[in-house]
2 protein chains.
Amino acid sequence: MAEFTKGELEVMRILWVHGEMKPAGIQEKFPRRIKNSALRSYLTILLEKEHVSRRKVGKAYFYKPATHQESAFRHTLRSLLETFCGGTTEGLLVHLIKSEKLSEKELLELKRVADGGESSPKAEERRE
Amino acid sequence: MAEFTKGELEVMRILWVHGEMKPAGIQEKFPRRIKNSALRSYLTILLEKEHVSRRKVGKAYFYKPATHQESAFRHTLRSLLETFCGGTTEGLLVHLIKSEKLSEKELLELKRVADGGESSPKAEERRE
DNA sequence: GAAGAAGTGCAGTATATTCTGCATATAAGC
DNA sequence: GCTTATATGCAGAATATACTGCACTTCTTC
């Protein structure tokens, strides 16, 4: 069901932040102690699922994301919306506001952004 | 790690929406075909984890949520924020806007809400 | 009180996910 | 070429999650 398992996601997070790395490097950045071989079994699975790609440099492989963080985010958000917010982004916002996840400061900032007070990169090329 | 597994969450969603139910009822509402005994094994686990409670009526048990949808939402959102949005709600909003999850209409609605144009139930009783 | 319908308890199987150990390979230094 | 350090490949163990089957109980109807 889920796009990534817990362990796979831990690996992807590191690759999304740090870019191309070899297993030993990922291992260092890992959020908990993990054996090199355990980590590599995640990489093997991610490679099979084509969520990462790799290239050989010298004797080692360097891995990098093949799935963008953005699309993983969309996927995860979609599932969160369907479970808790009636499936809509608007529902999420209502939820956020009612549950006070948004502080007054954030609401103001939000208002500023909504008003167009910030450069919204893709604002022009709307519609997917 | 996760608060709920996939199957457990499917059960909780139904209980959050429909309130107190017995297994046969949950089974009917289930998003996919599932055997009564498989469903009940989820309920047993949820009972152990104290995410649901039950009371006997006649020969049957009626189950209801013991964990609020709201707190499960917070938990899930927290994990999403940490993975994708630098841990902040504000980061989520920027993400939403840049990724065009928010339509023009939603931005306007959002602005209206942010402006205080809607009755925001808990707006008064701020601070937890 | 026998029979059927609906419900429960639970031991155990199947699959997915996480992790281990070890044999082998590759590059660098001496 | 031999040694050491660093990598890799892979079979399979350990654990978590999902599911099955069946014996037994409770209520109802006749």
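It should be emphasised that the depicted structure is a prediction, and the values quoted were computed from it without experimental measurement. Letters A, B, ... mirror the listed sequences (proteins, then strands); counts begin at 1.
In this structure, A:L46 places its CG atom 10 Å from P of C:dT18, rounding to the nearest Å. Look at CG on A:L47: it is 9 Å from P on D:dG9, rounded to the nearest Å. Rounded to an integer number of Å, the gap from CD1 of A:I45 to P of D:dA11 is 14 Å. Atom NZ in B:K6 sits roughly 7 Å away from atom P in D:dA18 (whole-Å rounding).
Under the side chain to side chain contact (heavy atoms under 4.5 Å, CB included) test applied with A:Y61, the options A:R40, A:K22, A:R54 reduce to a single match, A:R54. Checking each of B:I14, B:V11, B:L15 against B:K29 for a side chain to side chain contact (heavy atoms under 4.5 Å, CB included) leaves exactly one that passes, namely B:I14.
By the ring-ring contact (aromatic ring centres under 6.0 Å, His included) test, A:F4 is found to be paired with A:H51, residues two or more places apart in sequence or in another chain being considered. Annotation: side-chain contact (heavy atoms from CB on, under 4.5 Å) contacts of B:T44 (sequence neighbours excluded): B:E48. Scored by the side-chain contact (heavy atoms from CB on, under 4.5 Å) test, B:K64 finds B:E20, B:S53 as partners (sequence neighbours excluded).
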**Request:** Determine, step by step, whether B:M12 and B:V52 satisfy the side-chain contact (heavy atoms from CB on, under 4.5 Å) criterion, reporting the C-alpha distance in whole Å, the side-chain angles of both residues, the deciding distance to 0.1 Å, and the verdict.
**Result:** CA-CA 8 Å; B:M12 293 305 292; B:V52 302; 3.6 Å; yes
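Residue A:E8 is the one, among A:E8 and A:R40, whose nearest nucleotide of DNA chain C lies closer to the 5' end (criterion: closest heavy atom).
Counting heavy atoms from C-beta on, the side chains of B:H18 and B:I26 never come closer than 4.5 Å.
A heavy-atom distance below 4.0 Å to DNA chain D is reached by none of the residues of residues 16-26 of chain B. For residues 28-39 of chain B, proximity to DNA chain D is found at B:R32, B:K35, B:S37, B:A38, defined as any non-hydrogen atom under 4.0 angstrom from a strand atom. Contacts of residues 53-68 of chain A with DNA chain D (heavy atom under 4.0 Å): A:R54, A:K59, A:A60, A:Y61.
Linking ILVMFWY side-chain heavy atoms closer than 4.5 Å, directly or via other members, places A:I45 and A:I34 in two distinct hydrophobic clusters.
Taking only side-chain nitrogens and oxygens, B:T44 never comes nearer than 4.0 Å to OP1 or OP2 of C:dC10. A:Y42 has no side-chain polar atom (N or O) that falls below the 4.0 Å cut-off from OP1 or OP2 of C:dT17.
Between B:E8 atom CD and B:S41 atom OG the span is 9.0 Å, to the nearest 0.5 Å. Expressed to the nearest 0.5 Å, how far CZ of A:F73 lies from CG of A:L80 amounts to 9.5 Å.
Closest approach of A:E3 to A:A72, counting heavy atoms only: OE1-CA, 3.8 Å.
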